[in-house]
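Only one structure is covered here, and it is reproduced in the block below.
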Amino acid sequence: MRVCVVCHDASLTGAPRIGFDIAAHLARTHEVSLLAKKKGPLIDFPWYEHLRPSYRVLNTSHEVCDQTYRQRVVHAERILAELKPDLLYVNSVSAGEWCEAGKRSGVAVVLHTHETRDSLPSLLSSVCTPRVLRFADLLVGASRTALEDLQELTSTSVAKTLDIGIFVDGDVVRAGGEQAVPPPVNERGEALPASSDRLAVAMCGLAQPRKGADIFLAVAERLQQYDFVWVGPWAPAETDLNDKTYERFQSLRVRNFYFTGITENPYAHLRRADAFLLTSREDPNPLVVAEALLLGRKVVAFTGTGASAALLARLGYALNGRPSVERIVAMLPRVLAGEVGRWHETVAERAPPFVESAAKLDGLQDALELFYAQWTAGDDAEAPNGGAV
């Protein structure tokens with residue numbers, strides 16, 4: 001089977017990493033072409049080396065290109081005519097124009113949605129199209145919520161859906177956690193001490209309102225008895241989405257707030273923290289929650305953020321509602337002190353069955369092969385495994 005996998009980005013973030021992992025796994029037994037709408041460092045990792053001969057950067061992301069939706073569809077059609085895939089795997093709604101191109105090209109189309117209702121409206125109006133699901137033959141979701149939100153907001157029902165959830169390579173995460181990395185620094189340029197009696201709390205991602213960068217900073221300001229580490233881009237020009245919070249950060253000069261900047265190994269920083277705090281206002285099912293669990297960290301999130309709450313109900317701390325500075329300030333000291341819940345240090349040993357990539361990717365490949373066989377035969381049977389992997 002010839003498979004074309006399209007990612008909206010090649011950054012070190014969750015959705016592109018999942019897309020690249022899917023392409024890498026399928027390439028073991030199928031002929032795979034990997035396309036990225038925007039360049040990034042992800043392809044340079046050694047476990048994607050076998051994808052490089054078929055890898056292509058398109059430079060058609062709305063962030064770097066001013067082409068219209070129709071122009072991007074036509075461009076995608078030309079590439080599909082060249083590659084002649086049997087199956088097209090579109091790894092994000094942000095690459096949704098490829099769904100229409102695939103349908104117009106007579107290809108079996110799979111759309112993988114990582115987005116939920118807060119971010120979807122802008123994507124459907126300015127990047128993709130509200131008709132995107134009319135072009136998808138199979139809808140894959142990072143969570144059940146992601147599947148439902150896209151169908152509800154587009155008023156379109158897809159007959160075949162697959163809830164794959166998330167997956168990470170536990171060996172990579174644990175090995176990365178043991179590596180030495182440059183320490184994070186605060187606004188004064190002071191490095192976080194390698195050894196200290198102070199407890200540390202981490203958050204990971206591209207600093208922006210959606211990730212709750214302002215919430216994390218406000219908590220650090222209120223709980224100065226702890227150190228807070230933002231793992232990832234924090235300051236301009238690494239991120240242009242954090243201007244207001246960064247201005248406040250500079251004016252506060254909070255000495256207990258540290259950031260790493262762009263890093264290829266977030267795991268080492270997560271491993272050195274005592275807890276991970278997901279402050280995202282919306283995050284459908286972030287990989288970093290599973291990664292922090294694999295590293296044995298206490299993980300705190302809110303049920304109103306996304307699907308992480310289902311995992312944390314058993315393995316961490318899921319607080320009701322939307323992210324709140326006041327709730328965090330009240331609860332986090334008790335979590336760190338072990339005064340609430342039942343925390344088991346063996347959580348890192350119990351988490352892998354839920355998130356390890358090998359079993360998930362094997363299951364997804366089986367499901368895709370069955371789906372393609374049904375699509376080729378014109379079979380309308382339901383998605384395999386009851387719609388879940």
Side-chain angles (χ1 to χ4, degrees), residues 9-21 24-25 40-52 166-186 189-207 211 216 226-235 238-239 256-278 286-300 308 315-316 336 345-358 360-361:
D9 201 342
S11 63
L12 305 178
T13 52
R17 285 166 52 198
I18 284 178
F20 275 54
D21 283 348
H25 191 81
L42 200 55
I43 193 64
D44 296 327
F45 282 86
W47 42 89
Y48 301 132
E49 182 176 1
H50 63 297
L51 294 173
R52 291 171 194 162
I166 57 171
F167 46 85
V168 296
D169 189 325
D171 291 339
V172 170
V173 172
R174 285 182 282 265
E178 299 301 322
Q179 294 176 5
V181 290
V185 297
N186 62 16
E190 300 166 338
L192 179 69
S195 60
S196 170
D197 294 333
R198 291 169 59 88
L199 299 177
V201 180
M203 169 58 184
C204 184
L206 175 70
K211 291 286 186 177
F216 195 74
Y226 309 120
D227 291 322
F228 288 80
V229 181
W230 187 276
V231 182
W234 175 259
E238 289 184 344
T239 171
N256 67 322
F257 188 102
Y258 299 82
F259 59 95
T260 68
I262 294 174
T263 176
E264 293 186 357
N265 182 8
Y267 316 123
H269 298 287
L270 296 177
R271 180 70 179 83
R272 286 156 180 73
D274 297 282
F276 178 80
L277 172 63
L278 186 69
L287 298 182
V288 68
V289 167
E291 292 164 346
L293 287 172
L294 283 170
L295 292 168
R297 303 305 88 190
K298 296 180 178 181
V299 181
V300 180
S308 297
L315 300 173
L336 290 168
E345 291 300 330
T346 57
V347 67
E349 299 173 1
R350 297 194 294 124
F354 302 103
V355 297
E356 287 282 12
S357 60
K360 286 273 190 175
L361 287 169

Considering non-hydrogen atoms only, spot the tightest contact between [X] and [Y] and give its length.
X      : Y      : result
Trp230 : Ala207 : CZ2-CA, 3.5 Å
Arg52  : Phe45  : NH2-O, 3.1 Å
Leu270 : Phe276 : CD2-CD1, 3.7 Å
Gln179 : Asn265 : OE1-ND2, 3.2 Å
Gly170 : Leu294 : CA-CD1, 4.0 Å
Ile166 : Lys360 : O-CE, 3.4 Å

Out of curiosity, [X] [atom1] to [Y] [atom2], how far, rounded to the nearest 0.5 Å?
X      : Y      : atom1 : atom2 : value
Ile262 : Leu12  : CD1   : CG    : 8.0 Å
Glu264 : Leu42  : CD    : CG    : 9.5 Å
Thr260 : Leu192 : OG1   : CG    : 11.5 Å
Phe167 : His25  : CZ    : NE2   : 9.5 Å
Leu295 : Glu178 : CG    : CD    : 8.5 Å
Met203 : His269 : CE    : NE2   : 15.0 Å

Quick one, [X] and [Y] - any side-chain contact, counting heavy atoms below 4.5 Å?
X      : Y      : result
Ser308 : Leu278 : yes
Arg174 : Arg271 : no
Asn256 : Arg198 : yes
Phe228 : Val201 : yes

Please test Asp274 against Leu336 for side chain to side chain contact (heavy atoms under 4.5 Å, CB included), starting from the C-alpha separation and ending with a verdict. CA-CA 8 Å; Asp274 297 282; Leu336 290 168; 4.2 Å; yes
What do the steps show when you test Trp234 against Phe216 for ring-ring contact (aromatic ring centres under 6.0 Å, His included), and what is the final call? CA-CA 12 Å; Trp234 175 259; Phe216 195 74; 7.7 Å; no
